[in-house]
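First comes the structure, then the notes that go with it.
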Amino acid sequence: MAYHVNDGSSLAMIDDASVDLAFSFDSLVHAEVDVIESYLAQLRQKLTADGIAFLHHSNFAALLESANASAPESGQVENRHWRAESVSGEIVSSIAARESMSVVSQERINWGGNALSDCITVLTPTSSRWERPQRDVDNPHFMVEAIVIATWAPLYTNGGVVDGPGSGNRGSGAKPPG
């Protein structure tokens, strides 16, 4: 395993065709479209022929577009979590296609509210064994699901304690919604 610090837009330190799985969560949501374009162009070169990238990025441009289409006089949508305003799932799909990558799926998710401000895109090089028609889903319950998973995950970890209905255990205090 290796650790590298980059300049925020370059993957030059990684060998071409050496990455089976690229994973980014809760970081690229703040990266504007120029950074996403830079990373996707390089990521195509870094992934193996059947490599997969799991990227959590902003979908805020879609919210702005929708708000402007429905009520242009209302001004901007509140950007409570500092999401990149130039990025959406659709834009990432377009960039991926331009870079010879295939989007396997996109899950538009909420983050601390009801708006689908974020997106998880799974992509692979064109001609990968994982390539298929793109599947999309809107998931307005992502944050509730995250709480449920965090509540029950200790049951399946070393030494964890579950704090849920009927457990009789004291743990983190988190309760599944119900």
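The first residue of the sequence shown is numbered 1, and numbering continues consecutively from there.
Applying the 6.0 Å contact sphere to NE2 of H141 captures no more than 12 heavy atoms from other residues, nucleotides or ligands.
Residues passing the side-chain contact (heavy atoms from CB on, under 4.5 Å) test with S38, sequence neighbours excluded: S9, Q42. Under the rule for a side-chain hydrogen bond (donor to acceptor under 3.5 Å, both in side chains), the partners of N139 that lie at least two apart in sequence or sit in another chain are E107, E145. Looking at residues two or more places apart in sequence or on another chain, you find a side-chain contact (heavy atoms from CB on, under 4.5 Å) between R132 and V104, S105, R135. Annotation: side-chain contact (heavy atoms from CB on, under 4.5 Å) contacts of S128 (sequence neighbours excluded): D50, T124, P125, W130. For V33, the side-chain contact (heavy atoms from CB on, under 4.5 Å) criterion is met by E37, S86, V87, I91, I95, not counting sequence neighbours. R108 is linked by a side-chain hydrogen bond (donor to acceptor under 3.5 Å, both in side chains) to D138, counting only residues two or more places apart in sequence or in another chain.
Residue W82 belongs to no hydrophobic cluster, having no ILVMFWY side-chain heavy atom closer than 4.5 Å to its own.
Nearest heavy atoms, A96 versus L40: N-CD1, 4.1 Å. For H57 against V29, the heavy-atom pair with the smallest separation is C-CG1, 3.6 Å. In plain terms, the two heavy atoms of C119 and I109 that are nearest each other are N-CG1, 4.4 Å.
Under the 4.5 Å side-chain heavy-atom criterion for grouping Ile, Leu, Val, Met, Phe, Trp and Tyr, V122 is connected to F142 within one hydrophobic cluster. Residues L11 and M101 fall within the same hydrophobic cluster, defined by Ile, Leu, Val, Met, Phe, Trp and Tyr side chains chained together at heavy-atom separations under 4.5 Å. Under a hydrophobic-cluster definition in which Ile, Leu, Val, Met, Phe, Trp and Tyr are linked whenever side-chain heavy atoms come within less than 4.5 Å, directly or via other members, L47 and L28 are assigned to the same cluster.
Put simply, the side chain of Y39 gets close to the backbone of G8: a donor and an acceptor are under 3.5 Å apart. H56 places a side-chain N or O within donor-acceptor distance of the main-chain N or O of D26, the cut-off being under 3.5 Å.
Interatomic distance, S117 OG to R83 CZ, rounded to the nearest 0.5 Å: 5.5 Å.
Applying the salt bridge (charged side-chain N to carboxylate O under 4.0 Å, His left out) test to residues at least two apart or on different chains, none of the pairs has a partner in residues 52-63. Listed by first and then second residue, the salt bridge (charged side-chain N to carboxylate O under 4.0 Å, His left out) pairs involving residues 38-49 are D16-K46 (not counting sequence neighbours).
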Side-chain polar contacts of residues 17-25 - donor-acceptor pairs under 3.5 angstrom, sequence neighbours left out - could you list them?
{"from": "S18", "atom 1": "OG", "to": "D15", "atom 2": "O", "distance (Å)": "2.6"}
{"from": "D20", "atom 1": "OD1", "to": "T48", "atom 2": "OG1", "distance (Å)": "3.2"}

